[in-house]
There are 2 protein chains.
Amino acid sequence: MPYDPSAFPPFAVTVDLVVLTVRRHALCALAVRRGEPPFQGRWALPGGFVRADEDLAQAAARELAEETGLRAHDPAVPVQDNGAHLEQLATYGDPKRDPRMRVVSVAHLALAPDLPAPRAGGDASNARWAPVDELLQQGGYGRDGEPVAPLAFDHAQILADGVERARSKIEYSSLATAFCPTEFTVGELRRVYEAVWGVALDPRNFHRKVTGTPGFLVPTGGTTTRQGGRPAQLFRAGGATLLNPPMLRPEV
Amino acid sequence: MPYDPSAFPPFAVTVDLVVLTVRRHALCALAVRRGEPPFQGRWALPGGFVRADEDLAQAAARELAEETGLRAHDPAVPVQDNGAHLEQLATYGDPKRDPRMRVVSVAHLALAPDLPAPRAGGDASNARWAPVDELLQQGGYGRDGEPVAPLAFDHAQILADGVERARSKIEYSSLATAFCPTEFTVGELRRVYEAVWGVALDPRNFHRKVTGTPGFLVPTGGTTTRQGGRPAQLFRAGGATLLNPPMLRPEV
DNA sequence: GTGTTTATCGTCAGGCAGACGACTATGATC
DNA sequence: GATCATAGTCGTCTGCCTGACGATAAACAC
C-alpha cells in the first residue's frame, strides 16, 4: 500500500446529526428543509462538511450548536445542565449516496431535553421537530394530512439507526436522563422511556427500579407539581452511567 | 452550506480492521508490520484505502480477504461456514492521526474462528496473531521477553474499542459463535466466552443457559471427543441472533 | 482397573421483575 | 368545603432466572 498522494481518491467528509428529543409524549427528531438541489425542498438531517483542522466530534458539536444552540457535553462528564449528549453513531459511505460526488458522512447521535422551537440559520420555517414515526413512514400522510416525502439522501436509514441506538442504549445506561431537564421527577423519566420505546410502563415497578439502583438518581430535596397530582420528588442524574441489571424493555 | 466543490477540504478515507480470534485460550488480534514510514517496522492493524467505486463494507471485506483469505458474511445472514462476522466499529478522524495528510479511517470489527497462520501479501513474517493484552500494554515486554512497541497511529485505541465491542456484544447476542467452527460443542463455546472475557464460567450453569435458550443452538446429532473426556454433543448456531435474557458477565 | 478429564443432569436458595392492592397529596369541580 | 381526578409512593406476592454446587456419565492414559 504505497502512500503516494495521487494513489487514493479524494472524499468529502461530512457529519450528519440525529438530534432526538421528547415532545408531547413522542420521540422527535430535528429536521431541516433543504434549500438547494439535490432533494431541494425535502426534509433532511442537519449536517455539514468537516473542516480541515477539525476533529469529527468537534465538527458534530459545531453543527449541533449552529442548528440548535445546544452545547455538547464532554462524553466523560455525566449528563447535566441543558447540554446535549453527543456520540458517534455510524458512518455512511455508499458511492451513490450523494449524486454529485463521493461523500462519506459520519453520523452522530444527540439527545436533548425538550427545547424551544429550533432555528436553522435563523430561519424557523426551515427547521422543525418532527415525530420520528412520521419522518420514517414511507409515502404516507402526516398528522396534518399532507403527504410525507421521505428524507433526503440515505437520511431515513441514518435516522432509523439513531433511533434504534437510543432505544437500546437507555436499557442499560442512564442515557434517558439526557432527555430530561436538570431536575426531573421519576414520572417524567418514566414518560421518557414510554415515549422512546412506545410502550406503557408500570409506574410502581419503574419507581422501585430507578430509585433502588444505587447512584442512578440523586434527590435534590425539592418537589414539584408541574405534572399535576401529588407533589413528586425532584432528582438529578447520579454518577452511575451504567444500569445493571438493565431496565427491561417489554416485548412487542 | 453551498456545495461548491472547492468549498470543502479533501480527505483520504481508509478502512482499518480489528480482526479477532481465539487461540490457545487467549483473545488474539491480527497485526501487520508496517513496511514504510511513518511507524516503519512497527505493528499496526491491517487496512487500506477505500476505492473510488467501493462501499465502506466492501472495502473492509476486500481488505479482510487480502489479509486472511476470509470471506465476510452478509450481516443479515446468520453466522455459519468459515466466513467471518464483519461489522462497522467506529470512525477515527483526528486531524493529526496521520502525520502526512488528513485521513479518516472507518474501523471495522471482524470475528473469525481459529485460523492457520496469517499472510500479509504472502509474507508471513509481516503478519501475526497477537494476544490483545500484549498489543495493548504500553511499553512492556511480550511473552518472549522482547520489548513491546505500541501499535502505530491510533490503532491501540481502535483495537481497544473493538475488543470492548466484542466483549459487550457477546453478552446479548449469538456473536460468540462467530469465533467457533461450523460445528462446535457447548464447552468450546464456553471457552470462547472465557477467553474473550478473561474469566472462568461454571460449566454447568453455562450449559443450562445456552441449551435452554430456544433457537440459540441446534444439535447436529454428532458428537466429538476432540477436547478429551466424555463425548460432547455437536451444535450449530441457531437462528436466534439475540440472547434474551443476556449472558451475564461476572464482575471482575 | 484406576485416575483424570470433560460433559451433562439435578437441587436449592436468593434476587429481581411483573402484577397489582393500598394509601397519600395535590389541583379541579361542584 | 366535599368530592373527584390525577399522579406519586410504599408493599406484597409469585414466578423465573442465576449462582453455587453435588452427582453421574463416558471417554482416554497408565
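In what follows, chains are A, B, ... by sequence order, proteins preceding strands, each numbered from 1. The analysis underlying the following values was restricted to heavy atoms, covering all of them including side chains, and did not include hydrogens, waters or symmetry mates.
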Legend entry - Any B:T177 side-chain heavy atom under 4.5 Å of B:F184 side chain: yes

Inset, instruction - Write down the distance between CZ (B:R230) and C1' (C:dT8), rounded to a whole number of angstrom. - result: 5 Å

Legend entry - Spacing of B:D202 atom CG relative to C:dT6 atom P, expressed in whole Å: 14 Å

Inset, instruction - Select from B:P231 and A:P231 the residue whose nearest nucleotide in DNA chain C is closer to the 5' end of that strand. - result: B:P231

Inset, instruction - Kindly indicate whether the side chain of A:R208 and the base of C:dG18 share any N or O donor-acceptor pair separated by less than 3.5 Å? - result: yes

Inset, instruction - Shoot me the first and last contacting nucleotide of DNA chain D against chain A, ordered 5' to 3', at under 4.0 angstrom to non-hydrogen atoms. - result: D:dT6 to D:dT12

Inset, instruction - Sort and list the pairs that fulfil ring-ring contact (aromatic ring centres under 6.0 Å, His included) and have at least one residue in residues 200-248 of chain A, not counting sequence neighbours. - result: A:Y193-A:F206

Inset, instruction - Consider only side-chain N and O atoms of B:D16 and B:Y92, and report whether a donor and an acceptor are under 3.5 Å apart. - result: no

Inset, instruction - Using heavy atoms to find the nearest nucleotide of DNA chain C for A:R204 and B:T185 separately, return the residue whose nucleotide is more 5′. - result: B:T185

Inset, instruction - Would you kindly give the CG-to-C1' distance between A:L243 and C:dA17, to the nearest whole Å? - result: 13 Å

Legend entry - Distance-only side-chain donor-acceptor flag, A:E87 / A:H85, under 3.5 Å: yes

Legend entry - A:H207 NE2 to C:dA19 P, straight-line distance once rounded to whole Å: 19 Å

Legend entry - Test item: B:H108 side-chain N/O and B:V106 main-chain N/O as donor-acceptor pair under 3.5 Å: yes

Legend entry - Minimum heavy-atom distance between A:L109 and A:A166, given as atom pair plus value: CD2-N, 4.2 Å

Legend entry - Rounded interatomic separation in angstrom, taking CD from A:Q227 and P from C:dT26: 16 Å

Inset, instruction - Whole angstrom is fine here: how far is it from CD in B:E188 over to C1' in C:dT6? - result: 11 Å

Inset, instruction - State whether B:R128 and B:E134 are salt-bridged, where the test is any N-O pair (Lys NZ or Arg NE/NH1/NH2 against Asp/Glu carboxylate O) under 4.0 Å. - result: yes

Inset, instruction - Take atom CG of B:L217 and atom C1' of C:dA7, then tell me their distance rounded to the nearest Å. - result: 14 Å

Inset, instruction - Pick base, sugar-phosphate or nothing for A:R226, based on heavy-atom distances below 4.0 Å to the nucleic acid. - result: nothing

Legend entry - Rounded interatomic separation in angstrom, taking CG from A:N205 and C1' from C:dG21: 12 Å

